[in-house]
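Structure, as structure tokens:
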Amino acid sequence: MSIVRNSRGNAAELTADPSRFQDTKWSVSEVWGRYGSWVVTAINLTLFFCIWELITRAGLVNPLFLPRASSMFHTLWVGLTTTAPPGSVISGSILDHLLFTLRDLSIGLAIACAIGIPSGLLMGGNRYVETVLSPYVWAFSSLPRIALVPLFVLFLGFTMKMQVTIIVLSAVFPIIINSWAGVKTTEKSLLAAAKVFGANRRELYTKVVLPYTLPFIISGIQQGIGRGLVGVIIAEIFGGSEGLGYLIQRSADTFDSALMYAVLFVLVIISLSFIQFTRWLEAYIAPWRRIDML
Amino acid sequence: MNLPQSRVGSAATRSQLAAVPKPTGPVIVSKGLTVGYKLHRERKRLTALRNISLTVNRGEFVVLVGPSGCGKTTFINAIAGLVEPWEGSIEVNGHPVKGPGPDRAMVFQDYALMPWRTVESNVRMPFELQNLGLTQEEMDERVRRYIELVDLKGFEKSYPYELSGGMKQRVGIARALVGEPDILLADEPFAAIDAMTREAMQGELERFVAKTGQTVVFITHSIDEAITLADRVAVVSYRPGQIKEVVDVKLPRPRFDYDVKMLPEYGELRDHIWRLVKDEALQTARGENL
């Protein structure tokens with residue numbers, strides 16, 4: 001007897017008859033169906049950068065606006081492998097600024113989680129906390145956070161405190177709202193089942209509400225990372241002398257378009273890897289939500 | 001007639017009762033029970049059940065049948081201790097119901113399995129939530145035994161999302177039986193399961209209960225399901241639910257194996273119950289009762 005899962009991984013079947021399962025060879029179209037999208041993506045991106053290179057080499061675009069793809073990658077390589085690029089008027093390499101931004105972002109996200117998860121859970125669990133906090137949560141989460149930057153620059157100056165505050169304010173609300181929603185939408189029948197089998201109030205939270213809410217919290221953090229990244233770049237563009245935002249600002253000031261595009265490329269990679277990581281985490285923690293099917 | 005023997009070994013499944021002679025007499029006594037819900041937005045309260053008097057005896061399989069929204073679920077929730085009576089009383093084993101207890105367990109229409117727990121962990125959950133005075137070994141043994149009883153051996157480590165509807169409900173049944181409660185409450189447990197699997201599951205439930213000797217209160221919309229399973233069928237009328245008639249079903253068991261649907265008595269019972277609910281079912285179908 002063996003347990004067999006179908007291609008979607010569900011509906012396990014107990015089979016006494018292994019002869020029902022025969023090895024088959026994949027046809028070309030089946031192999032293509034499985035791996036084709038990777039090949040298309042690889043060709044697609046290669047073509048994209050080649051056309052970019054050709055257009056810039058042909059002189060169709062002012063190199064001030066669009067550098068050659070090759071020079072962007074060269075700047076990126078130099079910026080990530082050295083600590084201070086030679087001949088640059090900007091102090092610090094891409095790597096230095098990247099680490100600075102990541103440090104700020106991590107501190108900000110950690111604080112946002114530390115504040116956001118408990119407040120969201122409390123709001124979901126207690127009607128009074130919910131009533132008191134919800135106007136502030138909705139007001140702040142609907143306010144464009146960039147509007148607050150001048151205020152915090154005024155309060156805290158061009159300091160790390162100011163940048164971290166902006167990251168926290170950007171990231172905390174999606175985390176609060178998702179945790180809150182998770183608690184509020186916990187399936188009634190799961191709660192009823194736990195009650196019937198003897199759960200007290202505390203056990204209802206620890207054994208039903210919290211595990212149910214966990215994937216919500218993770219998607220809250222996922223949104224928080226996205227918002228936090230916006231927050232940190234805005235904060236660094238506004239003020240400060242370090243970080244990727246500052247580097248974008250400085251490269252624009254010094255007409256170094258290759259550097260600017262290299263930084264943008266780094267930002268794309270960071271945010272994609274963060275999102276992929278949280279998606280993987282969610283699929284791992286809550287496989288029943290089948291996020292990995294997307 | 002060639003009756004297939006039950007596939008599970010003959011080990012005494014209800015360990016505590018094996019030694020003691022099976023007591024008889026009333027287990028659930030509902031007297032003039034009226035229950036309902038508060039509708040906060042409309043500042044009203046809605047009576048779901050009115051003046052329900054019903055006595056369920058030990059080891060009896062009672063099925064409540066009636067149209068949608070007639071308050072059958074409310075009755076079962078009152079027995080489970082999830083809702084409090086407004087008027088009248090409900091007693092289990094001679095004590096008024098004051099909340100859930102280990103003497104009662106429930107099977108849910110939507111299975112209500114914790115999706116983050118494996119089959120084994122779901123079945124073990126009642127032991128985590130209530131202290132039945134069992135040792136770790138006894139609990140492990142029971143979990144193993146009831147997973148075997150519902151034919152899910154080999155799936156202990158599977159998650160509910162990997163199982164079919166029928167298999168999920170087997171987990172739900174194992175979870176309800178594992179604490180060996182006196183009373184098994186079932187709220188339309190097979191309503192979401194396809195018709196063929198559903199008939200098979202009815203036969204399975206009959207087999208499980210024959211093994212364990214529980215008192216069962218079972219809700220369904222299906223007259224066939226009611227007759228197939230019940231010792232007595234309580235026909236519930238539309239809002240607020242009242243018991244119209246209690247019909248005795250004296251058909252041979254195990255009914256799944258005997259194919260009782262072929263018997264003339266079956267047709268008569270079916271017709272009798274259908275006449276009781278017909279008008280209300282029609283009204284419900286036309287939306288006239290809303």
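Residue numbers start from 1 in every chain, and the chains themselves are labelled A, B, ... in the order their sequence lines are given, proteins ahead of strands.
- With a 4.5 angstrom heavy-atom cutoff, B/Ala80 touches chain A only via side-chain atoms.
- In plain terms, the two heavy atoms of B/Met114 and A/Ala193 that are nearest each other are CE-CB, 4.4 Å.
- Taking each heavy atom of B/Trp116 and A/Val208 in turn, the nearest pair found is CH2-O, 3.4 Å.
- The closest side-chain heavy-atom distance from A/Val196 to B/Phe108 is below 4.5 Å.
- Contacts between B/Gln109 and chain A at a heavy-atom distance below 4.5 Å are absent for every atom of the residue.
- The distance from the CG atom of A/Leu191 to the CG atom of B/Leu82 is 10.5 Å, given to the nearest 0.5 Å.
- Side-chain contact check for A/Lys207 versus B/Arg117: some heavy-atom pair is nearer than 4.5 Å.
- Pairing each heavy atom of A/Ala194 with each of B/Leu129, the nearest pair is O-CD1, 3.7 Å.
- Nearest approach of A/Phe197 to B/Pro126, heavy atoms of both residues: CD2-CG, 3.6 Å.
- Ranked by non-hydrogen atom pairs under 4.5 Å with chain A, the options B/Pro100, B/Gly165, B/Gly101, B/Pro102 are led by B/Pro100.
- Taking NZ from A/Lys188 and CG from B/Asp110, the interatomic distance works out to 12.0 Å, rounded to the nearest 0.5 Å.
- Annotation for A/Lys195: atom NZ does not count as buried by contact number, only 12 or fewer foreign heavy atoms lying within 6.0 Å.
- Contacts with chain A (heavy atom to heavy atom, under 4.5 Å) involve no residue of residues 89-97 of chain B.
- Within 6.0 Å of CD on B/Glu138 lie more than 12 heavy atoms contributed by other residues, nucleotides or ligands.
- Proximity to chain A involves both the backbone and the side chain of B/Met106, based on heavy atoms less than 4.5 angstrom apart.
- Neither the backbone nor the side chain of B/Leu185 comes within less than 4.5 Å of any heavy atom of chain A.
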